[in-house]
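All chains are named by letter (A, B, ...) in the order of the sequence lines, taking the proteins before the strands, and each is independently numbered beginning at 1.
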Amino acid sequence: MIDLELIRTDLAGVRANLERRQRPEYLELLELVHQSDATWRALRQDADALRRTRNELSRRIAERRKQGQPSPELDREAKELPEKMRAIEEKEAALLAERDVALKRLPNLLDPSVPFGQDDHDNVTVATWGDPAKDPGHRKSHVELLEELGMAEFERAHRASGAGFYYLKGPVVLLDLALQRFALDLLTERGFTPVEPPFMLRRAPYEGVTDLADFENVMYHIDGEDLYLIATSEHPLAALYQGEILDEEDLPIRLAGISMNFRKEIGGHGVDQKGIFRTHQFAKVEQFVFCRPEDSPQIHEEIRTNAEEVFRRLEVPYRVVNVCTGDLGTVASKKYDIEAWFPRQQAFREVVSCSNCTDYQARRLGIRLGKAGRPGKIVPHTLNSTAIATSRGLAVILEQYQRPDGSIEVPKVLRSYLGGTSSITREGLN
RNA sequence: GCUGAGGUAGCCUAGCCCGGCAAGGCGCCAGCCUUGAAAGCUGGUGGCGGUGACGCCUCGGGAGUUCAAAUCUCCCCCUCAGCGCCA
């Protein structure tokens, strides 16, 4: 949520920022916020004056009663007030609601370093690592490979749970766990505290962390309960300190979330219909940081470096893009995507999303900064980045590390998590 | 799921039966004192609107009764404890 104070003091600046997102409805919303706020403030004066009159009358009546001198004329005067107040108070409440609903639908302000553009074609590559395409000839898709190895059940999963679900079987399950453990260990080395969060959240905290449209498009809702399956551990981690005052001394707070993630994800791409690249359910290790406002640009680079390190150690080529204004989500002020090279598809595909959400989530969640016993008004910044999403992590490893004979080489950095095993074959771990 | 106890400012608590400006403590801030600090003393310490004087709002949320609601009535939410169920 954008700071209302900023809209009041620098409307033109906020408008110019929102224009970069090229969505006319945002400017309309901004105008609505500004108008209803101004009208509300004016009305507020009148409403306050009326309430003041009522309070004064009440006090005089109480005074007279105490002295044993009832005052029918004051009583009569007071009786007429509530009717007068009802209309103005209803109008006041309506304006306030209108303002706040619109304010909640405005996206975060963009960082100046976000490149201008329409869609993902305009994202700007800011770094590359590794040598993408070597010998793409023998590559099978991860789906073919897994089925040939007998380590996944797609048809049966679709029958049991529907499209977008899968069974993994055998050594590839251990590979999945190895990836998670590897990422968690890397982050622990770098000062992150592992956290296993709730996999469901209530609506109120959830509204604090995500685009409201996600309730329709992305999140699964538990029937008959005020609970939503999390789409990423970012969400429960952000909600961890909902309504609290963080001690500045404790910042930055670096958390490594590990969870299953659940997404409805409307639409689908032909090539991803089957398989584990785009699914309703996947495991992910996530970086999440609460920090002082002035530190967030630097922390953003830090968590990007951590995410890059995951793929460097896995020896998977990738590029980093600075996501352009037209492709950036509602909550982020700036976002890097890391796109790994999928040789079978001869394409870079997103495996990491690394965002600086500035004060947008924290303000909605009512999180503030302060020192012991002294609450402040400053709102901390939050940042999040994938470390590894194992579905895509597995998919890229299966494509990168497959051998012509249909076996899979285990990335060096994962071997210690698999008892030193260096390859996976039909027979299992070798 | 059942029963009970609770939800008051950054934290802890009183007030609720019996309606009349939310009391007190801790923490924090400032001042006094001190070589410095602690202790002690004094004052301050929620949100919003207003240039300001000042005012309004705030007792989990909502509705109602009333001139007036933390307090009375109704509905709802949440937390904790015990019991039940349970990997």
* Take atom CE of A:Met85 and atom C1' of B:C67, then tell me their distance rounded to the nearest Å. => 11 Å

* Remember a base hit wins even if backbone is also touched, and classify A:Leu57 as base, sugar-phosphate or nothing at under 4.0 Å, heavy atoms. => nothing

* Structure fact -> Any strand, both distances under 3.5 Å, Watson-Crick or G-U wobble: B:A70 pairs with none

* Considering only B:A68, B:G50, B:G20, which nucleotide approaches the side chain of A:Arg54 most closely? -> B:A68

* Structure fact -> Partner of A:Arg392 under side-chain contact (heavy atoms from CB on, under 4.5 Å), picked from A:Arg349, A:Glu350, A:His142, is A:Glu350

* To do: Compare the minimum distances between each of B:G50, B:C48, B:C67 and the side chain of A:Ile61, then state the nucleotide with the smallest one.
  => B:C67

* Measure from CD on A:Glu244 to C1' on B:A9 and round the result to the nearest Å. => 16 Å

* Asked: With rounding to whole Å, what would you report as the distance between B:U65 and B:C74 at their C1' atoms?
  -> 11 Å

* Name the pairing partner of B:U51, where a pair is Watson-Crick or G-U wobble with both distances under 3.5 Å, or state none. => none

* Asked: Within 45 degrees of the axis of the six-membered ring of A:Tyr220 and under 6.0 Å from its centre: does A:Arg263 put its NZ or CZ there?
  -> no

* To do: Tell me whether the centres of the aromatic rings in A:His300 and A:Tyr336 are closer together than 6.0 Å.
  => yes

* Please state the C1' separation for the pair B:G19 and B:C11 - nearest whole angstrom. => 29 Å

* Asked: How close or far is atom C1' of B:C28 from atom CD1 of A:Ile245, stated in whole angstroms?
  -> 12 Å

* Asked: For B:U3, which nucleotide is its Watson-Crick or G-U wobble mate, given both distances must be under 3.5 Å?
  -> B:A81

* Scan every strand shown for a Watson-Crick or G-U wobble partner of B:U65, both distances under 3.5 Å, and answer none if you come up empty. => none

* Checking all strands, does A:Arg202 fall into the base, sugar-phosphate, or nothing category for heavy-atom contacts under 4.0 angstrom? -> sugar-phosphate

* Atom P, compared across B:A37 and B:C28: separation rounded to whole Å -> 15 Å

* Asked: What is the distance, rounded to the nearest whole Å, between atom CZ of A:Arg203 and atom P of B:C77?
  -> 17 Å

* P atoms of B:A22 and B:C26, separation to the nearest Å -> 22 Å

* To do: Report the distance from atom CZ of A:Arg99 to atom P of B:C48, rounded to the nearest whole Å.
  => 10 Å

* Structure fact -> By the Watson-Crick or G-U definition, both distances under 3.5 Å, B:U45 is matched with B:G27

* Check ion pair A:Lys412-A:Glu315 (N to O, under 4.0 angstrom) -> yes

* Structure fact -> When A:Asp37 and A:Arg59 are each assigned the nearest nucleotide of RNA chain B, the 5'-most assignment goes to A:Asp37

* Selected nucleotide, minimal atom distance to A:Arg52 side chain, candidates B:C48, B:G55, B:G20 -> B:G55

* **Whole-Å gap separating P (B:C57) and CG (A:Leu50)** => 11 Å

* If we call it a pair only when both distances are under 3.5 Å in a Watson-Crick or G-U wobble match, what pairs with B:A9? -> none

* Asked: Is the phosphate of B:A68, meaning OP1 or OP2, less than 4.0 Å from a side-chain N or O of A:Arg51?
  -> no

* So, does A:Asp111 use its side chain to make a donor-acceptor pair with the main chain of A:Ser333 at under 3.5 Å? -> no

* Report yes if a donor N or O on one partner sits less than 3.5 Å from an acceptor N or O on the other, where the partners are the side chain of A:Arg44 and the base of B:C48; otherwise report no. => yes

* Asked: Quantified in whole Å, what is the C1' atom distance between nucleotide B:G27 and nucleotide B:C76?
  -> 35 Å

* Asked: Within this structure, what is the NZ-to-P distance between A:Lys377 and B:U45, rounded to whole angstrom?
  -> 14 Å

* Structure fact -> side-chain contact (heavy atoms from CB on, under 4.5 Å) with A:Leu383: of A:Ser296, A:Ser355, A:Cys354, A:Pro297, only one passes, and it is A:Ser296

* Write down the distance between CG (A:Leu96) and P (B:U58), rounded to a whole number of angstrom. => 13 Å

* To do: Could you tell me which nucleotide pairs with B:A22 by Watson-Crick or G-U wobble geometry, both distances under 3.5 Å, or answer none if nothing does?
  => none

* Asked: Want to settle it: does A:Ala62 or A:Ala49 sit nearer the 5' end of RNA chain B, counting the closest nucleotide to each?
  -> A:Ala62

* Asked: Between the main-chain N or O of A:Phe165 and the side-chain N or O of A:Gln281, is there a donor-acceptor pair closer than 3.5 Å?
  -> no

* Asked: In this structure, which one of A:Leu110, A:Asn108, A:Thr358, A:Asn322 forms a side-chain contact (heavy atoms from CB on, under 4.5 Å) with A:Lys334?
  -> A:Asn322

* Asked: So what does A:Asn55 touch, heavy atoms closer than 4.0 Å: a base, only the sugar-phosphate, or nothing?
  -> sugar-phosphate

* Which whole number of Å gives the distance between the C1' atom of B:G55 and that of B:A63? -> 27 Å

* According to the Watson-Crick and G-U wobble definitions, with both distances under 3.5 Å, which nucleotide is paired to B:A87? -> none

* Asked: With a non-hydrogen cut-off below 4.0 angstrom, is A:Arg60 in contact with a base, only sugar-phosphate, or nothing?
  -> nothing

* Asked: If you measure from the C1' atom in B:C54 to the same atom in B:G60, how many Å do you get, rounded?
  -> 31 Å

* Taking the P atom of each, how far is B:U8 from B:G61, in whole Å? -> 10 Å

